[in-house]
Amino acid sequence: MMELLLSLLGWLVRAMFTAVLPFALVLGLAVLDGLVRTAVLLVVAPLVVAAYVVIQVADSAGHHVPAPRLPRLVEVPA
């Protein structure tokens, strides 16, 4: 009976190292990868939107500011 229990325990330990631990490792890495990607998207996406808005506002302001006018020859004192 003891030999059967030790054999079963040995089989369970082998199964854990050949199936369970690699599966848990791959699953953990997949979850970690998803967390990193989500964090990057949560940081990068608002920065991209903010940059787009800043560029649009600057472009709009640039169209409303009059360009400097060079003096004409008749306006220049001799």
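- Note: the hydrophobic cluster containing Val26 does not contain Val20 (ILVMFWY, side chain heavy atoms under 4.5 Å, direct or indirect links).
- Every residue two or more places apart in sequence or in another chain was checked for a side-chain hydrogen bond (donor to acceptor under 3.5 Å, both in side chains) with Arg14, and none qualifies.
- Under the side chain to side chain contact (heavy atoms under 4.5 Å, CB included) test applied with Leu47, the options Val44, Val49, Val43 reduce to a single match, Val43.
- Hydrophobic cluster membership for Val54: none, as no Ile, Leu, Val, Met, Phe, Trp or Tyr side chain comes under 4.5 Å of it.
- Side-chain N or O atoms of Ser60 include none that pairs as donor or acceptor with a backbone N or O of Gln56 at under 3.5 Å.
- Connectivity analysis of hydrophobic side chains (ILVMFWY, heavy atoms under 4.5 Å, direct or indirect) links Val31 to Leu35.
- In this structure, Val48 is a member of the same hydrophobic cluster as Val40, with clusters built from ILVMFWY side-chain heavy atoms closer than 4.5 Å.
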